[in-house]
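As structure tokens, the structure follows; a few thoughts come after it.
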Amino acid sequence: SELQMKQIKTPEQIKEMCFLASRIWREHYADSFADQITYMVEKFQSFKAVTNQIEHQGYTYCWLVCDGQNAGFCGYKIENGALFLSKLYIEKTFRRKGLASFALEELKKSAGEKPGYIWLTVNRDNLGSVAFYRQAGFYVDHDEVTDIGQGYVMDDHIMRLDLAPPQIDLTTGAQAEAVPFFRLPASLDCVLQTNDSRPQPQVNLRLSNFPDPSDFYIISFLFSCFLP
């Protein structure tokens, strides 16, 4: 399949996207909270709401195109060194064609400010989406319950994907240095930074033997640094 991502700009495109969004929401979420779907669509995915997001809140919306057909869409904004992925929806007949993974890769490349991480919210009961994002490298940073009005709340995971490897800042010497309680991903590449001109050794940690390598784990370890 030929996959593309094209920015949504015109009022006609926004209306078409909102129609698709309403259909996807009602199809996907009806069993979870059917009574609040109409309210949520109007609040977050109506023509008025999306136009306001684009014109006044810094959001960008893009079609996800599969073989020339508008198969889904994503919406995002870049703020404070991070990319907030607000929406990523695929029409039912186009799922399992790699569109969601394609969108994530395009967002990593196309963000002009080179964000340090991507974050998003996903309903805790939406197990399929949670599993997808975990497989893509996201982890649950924390949980959040948000009041969206009219007596409704969203009970979400806040999930995060770090795009740049963390760096460990140490003043190293010819002895072992303790580095307590780092949160490490399944694969970590970092550099020991020194406060002088001595060599900066590369450190690579592979934690693939953990039960779920997409999760982060709190561990304590020692670095032995033998520098001239």
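Hydrogens, waters and symmetry mates play no part in the numbers below; they use all other heavy atoms, side chains included.
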Quick check for you: to the nearest 0.5 Å, what is the distance between [X] atom [atom1] and [Y] atom [atom2]?
| X | Y | atom1 | atom2 | answer |
| --- | --- | --- | --- | --- |
| Ile78 | Leu107 | CD1 | CG | 8.5 Å |
| Cys74 | Gln7 | SG | CD | 10.0 Å |
| Phe132 | Leu127 | CZ | CG | 15.5 Å |
| Phe102 | Met5 | CZ | CE | 6.5 Å |
| Trp119 | Arg160 | CH2 | CZ | 11.0 Å |
| Thr146 | Met154 | OG1 | CE | 8.0 Å |

Ignoring hydrogens, what is the shortest heavy-atom contact between [X] and [Y]? Give both atom names and the distance.
| X | Y | result |
| --- | --- | --- |
| Leu99 | Cys66 | CD1-CB, 4.1 Å |
| Phe44 | Lys87 | O-CE, 3.8 Å |
| Ala136 | Leu104 | CB-CD1, 3.8 Å |
| Phe94 | Ala71 | CG-CB, 3.3 Å |
| Cys18 | Gln45 | SG-O, 3.2 Å |

Would you mind reporting whether [Y] and [X] have side-chain heavy atoms less than 4.5 Å apart?
| X | Y | value |
| --- | --- | --- |
| Ile118 | Lys108 | yes |
| Ser86 | Leu120 | no |
| Asn70 | Leu20 | no |
| Val130 | His157 | yes |
| Val122 | Ile158 | no |
| Gln4 | Glu106 | no |
| Ile14 | Thr51 | yes |
| Cys62 | Phe73 | no |

### Task
With Lys77 as the cation and Phe84 as the aromatic partner, state whether NZ or CZ is under 6.0 Å from the six-membered ring centre and within 45° of the axis.
no
### Task
Test Tyr133 against Leu88 for side chain to side chain contact (heavy atoms under 4.5 Å, CB included), laying out the working first.
CA-CA 11 Å; Tyr133 287 121; Leu88 176 56; 3.7 Å; yes
### Aromatic ring proximity, centroids under 6.0 angstrom, Tyr76 and Tyr59
no
### Message
Evaluate Met40 against Trp25 for side chain to side chain contact (heavy atoms under 4.5 Å, CB included), listing each step before the verdict.
### Response
CA-CA 9 Å; Met40 291 176 60; Trp25 274 46; 3.2 Å; yes
### Task
Determine, stepwise, if the pair Gln57 / Asn52 fulfils side chain to side chain contact (heavy atoms under 4.5 Å, CB included).
CA-CA 7 Å; Gln57 299 180 42; Asn52 180 65; 2.6 Å; yes
### Query
So, Gln13 and Tyr61: side-chain donor and acceptor under 3.5 Å apart, yes or no?
no
#### Entry: Side-chain H-bond candidate by donor/acceptor type, Tyr139 with Asp162, under 3.5 Å
yes
### Message
Other residues, nucleotides and ligands only: do more than 12 of their heavy atoms fall within 6.0 Å of CZ on Phe19?
### Response
no
### Message
One pair to check against side chain to side chain contact (heavy atoms under 4.5 Å, CB included): Ile90 and Leu64. What are the steps and the verdict?
### Response
CA-CA 8 Å; Ile90 312 295; Leu64 301 177; 3.5 Å; yes
### Query
Val153 and Ile148: same hydrophobic cluster, using ILVMFWY side-chain contacts below 4.5 Å?
no
### Query
Is the closest basic N to carboxylate O distance between Lys48 and Glu42 below 4.0 Å?
no
